[in-house]
Amino acid sequence: SSKSKEHEDRLVNAEAQVKAAVWHGRDLDTPGGLDVLQSVIGECVAAHLYFYIEAPTKDMNKIERTCNLVTHMAEELVKLVDVDLVQKKGAKGKVLVERLQALGAELDRSNITSAGARVEQKYRQTLAQIAQDKIALAANAIKNVGEPSTVERVAEQALKLLQEARESVRDVSELVPALMTHCGTFGNRILKALHARVDDDPSVLVPLADLAQRLDAMCETLPTDGRKKWPSLHTKVERMRTEKSADLVPGLLDGLEAQFKEGLEYPPKVLKTLKALGALGCDSSGAATMPEAASRLSAAVAELDKRTADAFDQALMSGAADRLERLVDFAKELDKQRPLLVPGRTPPDGVADAFSKDLEKRKAGVTLKHLLGNLDGNVTARTHDLHEVFVDAESAIKGFTRERLKQRAESCRWMFKIANGGFKEFSAAKSAEVEALYQKWLAKGKPKDEKERRYEIVIEVEAPRPSGILPDADDAGGGADGLRTRCMYGEKCFRKNPQHRKDFSHPGDDDWEAVAEVPCPPVTELPLGSATSTTTDASKEATRLELRYSLDFMLMTQRNASRKAGGVRSIKRAEGMTFAERGTATYFSRVKDFIKEMENIFAKAEVELRLLDESERKEMQSQTEKVLQALRPAVSEFLGLAVFVEDTKVIDDVVAMLGV
C-alpha cells in the first residue's frame, strides 16, 4: 500500500541519516543544530510504530531494523551529554540537555528505550564529574596555603576555585559535605599562616579579614541538611585581631613616638607602622579597651599632619619638585589610613582625602608656574632654531618643479628580518637585484602560483678556514652583507673564547639564520705561557660559499634554499625618498620632536590645572595661551611647507600628536 511505501521510505531515509551522522560535526548550540537529530528520531519512531503496530502484516525484518535504529539513537543522545556540552556552554548547556531529554521522550514512545531518563542520568553524572574536578582543583590550591609570606595571594587563588566549586555543587547536593570539609581546611590554614605572620606584619589582617568574610558568605549559602552550621572564620580573625592589639599596639606607638624624636620630617617606617595600627583596629577596639593608646595615636596622627605640612612648605620655598611629589604621595597614604586611625574624626568638608588634596593643589600651582616659566623661554629659542631649519628645507626644494619633487631621489631598499626582531638592509647591489625581480613579478600581474611568485638570489659568505688557523683581525666578521659563518655546535657551543664568538655566529645573533651551517675550527690546545696563533697568508685567501635564497614576493618572505630545513624570515621593501622627502626630512623630523615635547608638557599642565581653584586656573590658562601664541609662527611655517610638498602623512602625524 501507499502508506506502507511511505513508511518504508522513512525507514530508508532514517538509516541513511544515521549512517551519515552529520550531527557529530555540528555545533548543537547553533540555530538548527538539533534539527537533524529531531528529524531522524521522528522518522525512526514513526516507522517503528507503523511496522510494529499499524501494518496489516508484520514484517519482522523491518521491525528489527526500526528497533535497531531507535536503540542506536538513544545511545547517540546519551553520548552527546558530555562535559563540553554541560560546562562550556554554561547556562545554554542546561537548555540543550532539556531539548535532548525531549528527544529522548520522543524515542520512548516506541516502548523500546528509556532514553529520556538515561539522558537525565548522564546529565547528573556529568554535573557530579565537573563538581568533583572543581573541588579537586580547589583542594590542591588549599594545600599551597600555608607559607606566611605569600598567604594573601595564594589564599585569593584558592578562594576563587572554591567559589567555582560552589557553583558546580548547586545541583549536586551530595558533594556539599566534601566542599565544606575543604572550606574548613582552608580556614584553618589561613589562621595558621596569619598567626605566624601577624607579629611581624599586622597589616596582613586587613586582606585576610576581607577574605574570611567572603568565605563565610559563600559557606553560609550552602545547604546544611541538618549538618553543623558553618563556624564563622571572620569571627576568629577578629578575635585574633583583638588579642594581638593588646600585645602589639603599645610597642608600635612607642616606636612611632621614638621616630618623631629623631627629628625626621616623615620617618621611613611611619607608613608601615600606621598600616599596622590601622589593621590592629586601634581606632575602634582601642578607643573602648585601650583609651590611652587611642589618645596617643590621635596625637601621633596630628603630629604627622603638622610635620608633613611644614616639610611641604620648605619644599615649596626651595622649589624641590621631587620632594614635593614624595610628600604628596605620603599625604595620600596618610589620608587612606586616617579613617582607621582616628575614631570619629571627619575630615574638613567631609572629604576623606582633604589633607593630600590641599597639598596637591598647592603643588599644582608651583608646578605650573615652573612648567610655564621654563616653557616660555624654551619655545622662543626652539622656534628660532626651527625657523633656520625651515629656511634650509625651503631652499632645498625651491629649484624643483612639482613633478620633479614627486620623483624618487633614491632607489628603494630591501631588508630582511633578523633574530632580534629588527630588519637589516641588503647590500646596495643585492637590493637593486631584488628590486628588479620584484618589478618582474609585478609586471606579470602579481601571480599567486608558487612557481611564478618565487625568485632566487645568491649571497656570498665566507667558507670555513682550515683547522687551527685563526682569522686575520681585518677579515673577521664574515662575508658579503656582513654575514659570519655559523658555529656547527649552535646553542650547545661551550667555547668561551671571545675571538670564536666574534668570528662565528650563534643562536640569537643577527646573522645566525642568514648563513649555512658549516664546521668551525676545533679548539687548539696551546701550552701554558705560549703565544696565541698568528695569521698565515693561507688564512687571508678565504674562499667563498654561494648560498641560495628563495624569495616569495606574495608572502614577502625569504627561505635559505641551501639548507634542507632552511629558516623562513620576513622581508620588506622601503621606497626610496622623493626629492621633496629628502629636502624636508630633517625639518619635519625636528618639528615632530618639538610638537611631541610640547604636547607632553601641556598634558602635564592640564592635569595640574584641574587641581586649581577657578581664579588660579584662569590665570594659568592665560599664561598657557601666551605660549600657544608663540608656537603659531612655527606651526604655520610647517603647515605651509607640508601642504606645498603634499606630505599629508606628516600633517596627520602632527595633528594626531596635538589631539585635534
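All values derive from a computational prediction rather than experimental measurement. Every heavy atom of this structure was used, including side-chain atoms; hydrogens, water molecules and symmetry mates were not.
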Check: Given Ser411 and Glu435, is the side chain to side chain contact (heavy atoms under 4.5 Å, CB included) satisfied, shown in steps?
Finding: CA-CA 9 Å; Ser411 302; Glu435 175 64 14; over 6 Å; no
Minimum heavy-atom distance [X]-[Y], with the two atoms named:
X	Y	answer
Ala634	Thr383	CB-CG2, 3.9 Å
Ser431	Cys412	OG-O, 3.6 Å
Gly583	Ile397	CA-CG2, 4.2 Å
Arg573	Met556	N-CE, 4.0 Å
Val81	Thr126	O-OG1, 3.9 Å

Beyond-backbone contact of [X] with [Y], side-chain heavy atoms, under 4.5 angstrom:
X	Y	result
Arg99	Leu103	no
Leu77	Ile41	yes
His387	Pro633	no
Glu452	Met554	no
Leu437	Phe553	yes
Glu164	Leu137	no
Val154	Glu147	no
Lys592	Val654	yes

Separation of [Y] [atom2] from [X] [atom1] (nearest 0.5 Å):
X	Y	atom1	atom2	answer
Leu80	Leu85	CG	CG	7.5 Å
Gln407	Thr401	CD	OG1	7.0 Å
Ile418	Arg569	CD1	CZ	8.0 Å
Tyr587	Phe638	OH	CZ	7.0 Å
Lys417	Thr557	NZ	OG1	12.5 Å
Asp329	Lys332	CG	NZ	6.0 Å

Item checked: Heavy atoms of other groups near Lys596 NZ, more than 12 under 6.0 Å ->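 It does not: Lys596 NZ has 12 such atoms or fewer within range.
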Next item on the list: Check the surroundings of atom CG in Asp449: do more than 12 heavy atoms from other residues, nucleotides or ligands lie under 6.0 Å from it?
Entry: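 Enclosed: over 12 neighbouring heavy atoms sit under 6.0 Å from CG of Asp449.
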My understanding is that only residues two or more places apart in sequence, or in another chain, count here; which of them pass salt bridge (charged side-chain N to carboxylate O under 4.0 Å, His left out) with [X]?
X	value
Glu75	Arg118
Arg166	none
Lys122	none

Check: Would Val643 and Ile651 satisfy side chain to side chain contact (heavy atoms under 4.5 Å, CB included), going step by step from the backbone distance to the final call?
Finding: CA-CA 8 Å; Val643 170; Ile651 295 176; 4.0 Å; yes
Item checked: Partner of Glu456 by side chain to side chain donor-acceptor pair (under 3.5 Å), out of Gln558, Arg548, Arg559 ->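 So the option named by the test is Arg548.
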Checklist line | Passing option when Gln629 is tested against Arg632, Lys626, Glu625 for side chain to side chain donor-acceptor pair (under 3.5 Å) | finding: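 Among Arg632, Lys626, Glu625, the one meeting side chain to side chain donor-acceptor pair (under 3.5 Å) with Gln629 is Arg632.
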Check: Which residue pairs pass the salt bridge (charged side-chain N to carboxylate O under 4.0 Å, His left out) test when at least one of the two sits in residues 392-404, sequence neighbours left out?
Finding: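 Matches after skipping sequence neighbours: Arg402-Glu646.
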Flag, side chain of [X] to backbone of [Y], donor-acceptor distance under 3.5 Å:
X	Y	value
Thr150	Arg153	no
Ser395	Val391	yes
Trp414	Ala432	no
Arg408	Gly576	yes

Next item on the list: Walk me through it: do Asp653 and Lys649 pass the test salt bridge (charged side-chain N to carboxylate O under 4.0 Å, His left out)?
Entry: CA-CA 6 Å; Asp653 290 344; Lys649 183 179 182 305; 3.2 Å; yes
Item checked: Qualifying residue for salt bridge (Lys or Arg N to Asp or Glu O under 4.0 Å) with Asp552, from Lys448, Arg453, Lys446, Lys451 ->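 The residue from Lys448, Arg453, Lys446, Lys451 that satisfies salt bridge (Lys or Arg N to Asp or Glu O under 4.0 Å) with Asp552 turns out to be Arg453.
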Next item on the list: Report the residues that fulfil ring-ring contact (aromatic ring centres under 6.0 Å, His included) with Phe594, sequence neighbours left out, ordered by chain and then residue number.
Entry: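 For Phe594 there are no ring-ring contact (aromatic ring centres under 6.0 Å, His included) partners, ignoring immediate neighbours.
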Notebook entry, point to check: In chain order, what residues pass the ring-ring contact (aromatic ring centres under 6.0 Å, His included) check against Tyr123, with sequence neighbours excluded?
Noted result: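 With neighbours one apart ignored, the set is empty.
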Next item on the list: Take Phe426 and Phe416, measure what ring-ring contact (aromatic ring centres under 6.0 Å, His included) needs, and give me the verdict at the end.
Entry: CA-CA 7 Å; Phe426 287 96; Phe416 57 91; 5.1 Å; yes
Notebook entry, point to check: Does the cation-pi check pass for Lys572 over Phe423, that is, NZ or CZ under 6.0 Å from the six-membered ring centre and within 45° of its axis?
Noted result: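 Yes, a cation-pi geometry.
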